[in-house]
Structure formats: structure tokens, C-alpha cells
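Heads up, the thing below is written out as C-alpha cells.
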Protein chains: 4
Amino acid sequence: MRPENKPDGQQRSFIEEARRRQIIAATVEVVSELGYANASLARIAERAGISKGVISYHFDGKDELMSQVVTQLYVSGSEFMAPILTAAIADGYRAALHAYLSSNLQFIDDNKSYVAAVGDIVLNVRGPDGTLRFDTADGEREIIAPLAAALAEGQRTGEFGDFDPSVLARLIRDSIDGVAVRAVRDPDFDVRRYRTHLIRMYDAVTRKDDR
Amino acid sequence: MRPENKPDGQQRSFIEEARRRQIIAATVEVVSELGYANASLARIAERAGISKGVISYHFDGKDELMSQVVTQLYVSGSEFMAPILTAAIADGYRAALHAYLSSNLQFIDDNKSYVAAVGDIVLNVRGPDGTLRFDTADGEREIIAPLAAALAEGQRTGEFGDFDPSVLARLIRDSIDGVAVRAVRDPDFDVRRYRTHLIRMYDAVTRKDDR
Amino acid sequence: MRPENKPDGQQRSFIEEARRRQIIAATVEVVSELGYANASLARIAERAGISKGVISYHFDGKDELMSQVVTQLYVSGSEFMAPILTAAIADGYRAALHAYLSSNLQFIDDNKSYVAAVGDIVLNVRGPDGTLRFDTADGEREIIAPLAAALAEGQRTGEFGDFDPSVLARLIRDSIDGVAVRAVRDPDFDVRRYRTHLIRMYDAVTRKDDR
Amino acid sequence: MRPENKPDGQQRSFIEEARRRQIIAATVEVVSELGYANASLARIAERAGISKGVISYHFDGKDELMSQVVTQLYVSGSEFMAPILTAAIADGYRAALHAYLSSNLQFIDDNKSYVAAVGDIVLNVRGPDGTLRFDTADGEREIIAPLAAALAEGQRTGEFGDFDPSVLARLIRDSIDGVAVRAVRDPDFDVRRYRTHLIRMYDAVTRKDDR
DNA sequence: GATGAATGAGAGTTCATTCAT
DNA sequence: CATGAATGAACTCTCATTCAT
């Protein structure tokens, strides 16, 4: 996670960046443990061992703080998965599908509380008009569309059999989201084992049917 | 939705039952529009056109109100789907699977805002210790386990092919939950069309593989 | 306790009188157990096994109800003690003093929760201006003055020695109030035993000193 | 009244201590004028000329605020009376008794509204189970027991005559409490004059009887 | 940069009272 | 006579935010 720049382009000092990370980490802890509704700035500050005002100083408000938490996870996820996907695509679309499932589940397994926190935030932060700030239809399309396109491309190359790409893309997405929920909620849920099953399942669904 | 009895066994008067329904309806509206966090009793009362105190009079507190909303949907859903499933099972497990998917999606499509509200409530209501009050691991098992059992039984009768029943049960569940999210979020999402695709997809996954 | 008449002079029906007594009894129970502050009309009605509205029907409001509780105890106390005192005075002022102490303590011992409730009410019911409605300086004088007068009369007849009658009257009153507090608070406090000591003590204080 | 430390041992800042004193003073005013039941945080804040939230900021809640008021008076009283009693005991138990009565009444006279407020608080603050939080049987014993012990010791040294020490201790206590009530309620009540009578009275009661 | 103090709005809840039935 | 339903005000408490130091 490289230091981001301020909105006005100025670079943040090292110490400021550290503070922001500290606050974000505390936010993730509190939100994942107590839920968004109970994650007051006071509690976050207490968890971080700092004064309440510091948060207001470093973030424009509660919403911006939460935004940053979401963005962080998104960026982290991309940074983690992008190289894996890039490497896999060289071995074909089936390999890429495996890598997609695998890396997603791996990332979830490695960042359970972060995922839990972001899940909670995304479903709760709303604009003044009451509409969700994140988790919009746009967001969905950014994820579903490329996945569907890759699946369709795999069909074109003959690696995949016949199915509706955009439906399967949604199915895959829902499977991954489902894993996230279970991994967060049930400490006994074995993501690694489930991953094997999931890959096998989607292998069967996408295989070329030569009957 | 028949009138429920009070905890102490006394039956509720007709007028009380009506008020409760009215308040629950207003709650569903407000929660689905503004989210659980913004669904204050004041706003719910305002929406229902009544005074704040009436809610406290008819419900033991905010938590009980929300509990009732959740319970109502669960009961309604069961009442809607149970006969459909019972009828379908006579035609075999494949027919039952079709009916399961179909009735679930139908119910979601018919009760979008209710589904949205309950989804929000379930993810936000917590006990004093910070743990979620609904949406426990138990709840999941109550849904996944019977579904997995039915799938396994279908395998035993030879209607279904080879797959891990409990994994597929989760996949199916996640698909349905995914539909719920989309139906709620995206007004253009065509549940009926998606249903056709979904059934075809799970048909393929469960089909007996004679190759 | 004879039925009182209504303010307008009309007599109350038997059934109405019964209801009032029932409500007052429930009030005493609730106030003595939970304190005046927690003695809501709802709780009193629940204790009496009746609906809230009944109280409003039979009493002009919460204040009047509480007033009646206080009055009842005052009347009961007078009815209990008056004949005892009247009888004793025939045997002289020392006997009357004994009877005064004895009957007061007896009454307290026999009506602990009633005494507790009235004590609580008297210290909490206030007028709109914030001043106590009962327990005024007037009330004190109604009690202290006659007692002091009797003590002075006893001095005049030569039964009592030298002391300030109005100071001793207050001392005696405070002793009795102290017993009430202890009897109410400490279930192990032995009023009968304490009474013996108290009488002996005030006997010594009032005895004619022939040194 | 020296600044107390926080429960966690940290010292309070000067400004915080000042605010707390200000709020406590306002609480005493409001409670003594309007009674505990009418002493809402809103009214206390208004009296103190501050916002409602400030009280919650400086005190853990209403109960803690009231606790502090009670504690303050207790501490102040001890600090006022302790040296007087210590000095007097050198002159014997009779002198100590005089000092006890005298200092108690002096303190009451000097802190009328404080005494009134604490009296009201002690009789009204209750735990969730409905039992009084202060004013327990323990509290009584802490006061009565040492006083009775001192009286008994005075008997052993031959300064006092024959009487039941624990009964007399209660009598004395009740006399003092009675003075507190009168001083609070009746602005014309002359505590200094009454003190003289009281001392003379208890002198007579405790004098060695050489008849 | 960081802090503690203060604000004011809004939360859920309880309550005495009124009133139609 | 009695009830249950409804009101509206008042309560304590929590919160995000602002600001002087």
C-alpha cells in the first residue's frame, strides 16, 4: 500500500501516512467486532489509543474515513490479485478462472476482519438522500462485466463450453461473496477446502460438453 | 400472515393486530429506503402517521419490532414456498430443485422491499455484546442442511449426478441471495429472465453425466 | 377505615370504595418496594390487576391518589392511637407518654410497608412550584405542638421534672421517625425490644430529679 | 474538597475539576429546590449555564453525578468534624460528645441546601432491582457503631452513667437527622439555639447518677 | 500536530393523561 | 364502569463535529 496523495496533489508526510494507517486499522478492528452502527469515532480513537480529535484532523469526517477503509481493501485486493491473474492468463482462460477463484478466496481468507468491516461499511454508509454510497449498480458492473467478458472470450477460444457468460459471472461472484460471509461469520469454515470444491464445480460447469 | 399470539398466550385484538401490521409495514418502507441506521422510531412513526409512543406501546422496543419484521418475512416466505415444494417433490427431486429456485426467486421478486429491509436488519441488529442477533451460524445451517439433504437424496434416487451436496447447497443459496441483492438494488434487473438461466445452469450441474 | 365522602358531599358506592381501597393497597405495595419514582400508574395498575384507566377514573390524577395514601395512613394511625392515648391519660401524663411511644411504635411495626410508602411519597410529591406538598412546617407543628403541650402539662402537675418541653417533643418525634426508618429498612430491627429501651430512656429524661 | 483522582488513577486537569465542581454545585441547587425527581440533567445544565451534554461528558451518567454529590458531602463533613472530635477527645468523652453534637449541627447549619440535596438523593437513587443504592444498613452501622463504642468507653472510664449505649447512639443520630430536616425545611429554625438545648439534654441523660 | 472540552441534535424509552368504545 | 389505545412531553444518553489551547 503505497502512500496516496492528498486530493490537491500534495504528498502526505510519512508521519501523517502512519497516523492514517493506524486509524484505519483501528476502524477495521472496531467495525468488524462491533458493527458499523457501534463504531463511533470515540471508540475508534480509544482503540487506536489516540484522541478523538485526531481522526477529525486526518480525515474529513466519518464518511471519508470509512471511504478510505473501503478503498484500502479494494486497492489491496487488486494489488494482490492482479499479478496472479496476469500470470495465469498466459496459460489460458481455464487457468485464469482457477486463478480468479483461488486468489479471491485466498485474499478473503487472509483478510477476514477487513472483509467483514468493509462488508458492513458498504451496506451502511449512505448519502444524505438515503441511497447507499458504495455498493452501487456501477460497482457491480465493474466486477461482473470484465469477468463475463473473460468467460465469453474463453468460449470463443474453445476452452469453455456453452453457458450464458454474464449469468455465470454473477454465479461466480455470488459464490465468492458467500464465502466471504461464511469465512467472516463461522470461524470453523474451511476456506481452503471449500476452494477446492468450488474450482471443481465451476470446472464442471464450464467444461466443453462433447456429448 | 395470521395474527400471532402474545408471548403470554393471550390473543391480540383485531385492532392491535392491525396497528402492528401498519407499523411493520412502515418499518419495512423506511428501512428499505433509508437503511436500518436511519430508521429511527421517529421516522417510522412519521411514516405510519402515528405518534412515536404508539410503537413503544405495541412493541416491547425497537429490537422486538425489528424481530417481528424478520419473523414476518420468514413466515410469509415459508407459507408461500412450502406448498409449492410439497407439490413438486411428488414429481421427483429435480422438479423439487426447480421449484425451490423458482419459488424463492418468485418470492424475492414479489417482496423486494421487504427482502431489502430484512437483509439490512439482519446485518445490523446486535446484542449488547456486539454479536449479531440474527444471521447466526445456526440460521445458515437451518437452510443449508435440509437443502443439502434433499440434493443427496436426489443422488441416491439416481436423479442427480455426482457432486458434493453441501457445497452445491451453498452455491444455490448464494445464488439466491445474490438475486435478492440485485433485485433490491437494480430496478432493471429481470428476475424472471434470470430465473430461467439459473434453473438451466443448476440443471446442468446436477444432471447425470453419462459420458 | 370508614368510607369517605366525595368532595361534593355525595357518598361513594360500596363498589367504588372497594376499588379505591384496592388501588391504594397496590400503590402502597409498589411504592414501598420500588420507590415513589418507579411507581408509575402502569405498574400500580398491573399490581392491582386492573387497567390503567381505572385509576384515572377513581382518582383525579396521580397526585390525588398519593394524597389518599397519605391521608389513609394518617387516619388509620389516629384511629389506632387515639383511644389508647385517651385511656392512658386517665392514669397521668407519664402513662400517656408511655402510651404515646408505645402506640406509635406499635403502629409502625404493624404497618411497615405502609409507613415506608408514605415516607417516600411525602418526600417526593411536590407542587408545580417545586415545594413539597406534604411534610410542611405546618404538619410538623400539628404533631410537635400538642406533644409539647402535654409534656408541659405533665410538668405543671408535677409528674415530670425539668426540661424544655418543645425540645423534648422534637426529640421524641425524631426517635419515632428514626424507628420508622429502621423498621422499614432493616428487617432484623426488633421494634418491640427497642420500644422497651426507648420508654426507659424517656422515663429517665422526664423523671423528677430530687437531688 | 480536593480534586479527586479518576477511577483509573489519572489525575484530573484543573479545568475538569472546576467543571465538575460547577456541575455538582448546580445539582445541589436544583435538587434542594425542586427535589430529586425534578432534577433532570436538562435543568441542572440550564442552572449551570452549560449544555446538557457537558454533564454526560464529565460524569459517567446521572447516577455517578449523584454519587459524587453524596460522596462530596460525606468527605466535607468528615474533614470538618474529624479535627474537632480529635481535639475534644483529649478532654474526655463528655467533651467529645459535646463536640460530636456541636460539630454535626454546625455542619448542617452551614450546608443546609447540600444536606437537603443529599437527603433527597439518598432516598431516591435506586439500583435496577429497586433497592436503594445509598442509605443501606451498612451505612447506618458505620455511623451508629463507632458512636455507641465511644459512649460505652465513656461509661468504662466512669464519665458517663448507666444507659444502653447503642440505643442512645441511635437516639443521638435521630436527633441530628431531625435537626437536619428542620433546618432544611424551616428557615426560621434556630439551629444554634437548639444545639444548646440538645447538648444540655444529652448531658442529663449521660450524667452519672449518684442518687 | 494533537488534545480535551463543549455543543446540539437526535436516539430509544417511559410516563401521566385523555378518550372513544 | 372499565378498557385499551393513543398522545406528546420529558427523560437519559450517545454521537459527529468544532474549536481554543
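Numbered from 1 within each chain, the chains take letters A, B, ... in sequence-line order. Values below: every heavy atom of this structure, side chains too, minus hydrogens, waters and symmetry copies.
The cationic group of Lys52(C) does not satisfy the cation-pi geometry with Tyr57(B), failing either the under 6.0 Å distance to the six-membered ring centre or the 45° limit from the ring axis.
The nearest whole Å value for the distance from the CD1 atom in Ile50(B) to the P atom in dA6(F) is 8 Å. Distance Phe59(A) CZ to dA2(E) C1': 15 Å, rounded to the nearest Å. Separating the CD atom of Glu46(C) from the C1' atom of dG4(F) is a distance of 15 Å, rounded to the nearest angstrom. Rounded to whole Å, the distance from CZ on Phe14(D) to P on dG4(E) is 18 Å. Regarding His58(B), its NE2 atom lies at a distance of 16 Å from the C1' atom of dT14(E), rounded to whole Å. As a whole-Å value, the separation of Leu34(C) CG from dT14(E) P is 14 Å. Distance CD (Glu64(D)) to C1' (dC13(F)): 14 Å, rounded to an integer number of Å. Rounded to a whole Å, the CZ atom of Arg20(C) is 13 Å from the P atom of dA2(F).
Residue contacts shown for Ile55(B) are absent, as no nucleic acid heavy atom lies under 4.0 Å away.
Looking at which nucleotide of DNA chain F each of Ser51(B) and Val54(C) is closest to, the 5′-most match is held by Val54(C).
Here the closest heavy-atom approach between residue Phe59(D) and residue Gln68(D) is recorded as CE2-CG, 3.8 Å.
Although no hydrogens or angles enter the test, the distance criterion places no donor-acceptor pair under 3.5 Å between the side chain of Arg19(B) and the main chain of His58(B). The backbone N or O of Arg133(D) lies less than 3.5 Å from no partner atom in the side chain of Arg126(D), so there is not a single donor-acceptor pair. Side-chain N or O atoms of Asp120(D) include none that pairs as donor or acceptor with a backbone N or O of Ala116(D) at under 3.5 Å.
Partners of Arg43(D) according to the salt bridge (Lys or Arg N to Asp or Glu O under 4.0 Å) rule, which considers only residues two or more places apart in sequence or in another chain, do not exist here. Contacts of Arg47(D) classified as salt bridge (Lys or Arg N to Asp or Glu O under 4.0 Å), with partners at least two apart in sequence or in another chain: Glu29(D), Glu33(D). Residues satisfying the salt bridge (Lys or Arg N to Asp or Glu O under 4.0 Å) test with Asp60(C), not counting sequence neighbours, are none. Listed by chain and number, the residues in a salt bridge (Lys or Arg N to Asp or Glu O under 4.0 Å) with Glu46(D) amount to none (sequence neighbours excluded).
Here the nucleotide nearest the side chain of Arg19(D), chosen from dA6(E), dT3(E), dG1(E), is dA6(E).
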**Message:** Expected output check: what is the dot-bracket annotation of DNA chain E, where ( ) and [ ] are pairs inside the strand (brackets for crossing ones), | is paired with another strand, and pairs are Watson-Crick or G-U under 3.5 Å?
**Reply:** .||||||||||||||||||||
Polar atom pairs (N or O), protein with nucleotides 14-18 of chain F, under 3.5 Å:
from, atom 1, to, atom 2, distance (Å)
dC15(F), OP1, Arg43(A), NH2, 3.4
dA16(F), OP1, Lys62(A), NZ, 2.7
dA16(F), OP2, Leu41(A), N, 2.8
dT17(F), OP2, Lys62(A), N, 3.0
dT17(F), O4, Lys52(A), NZ, 3.1

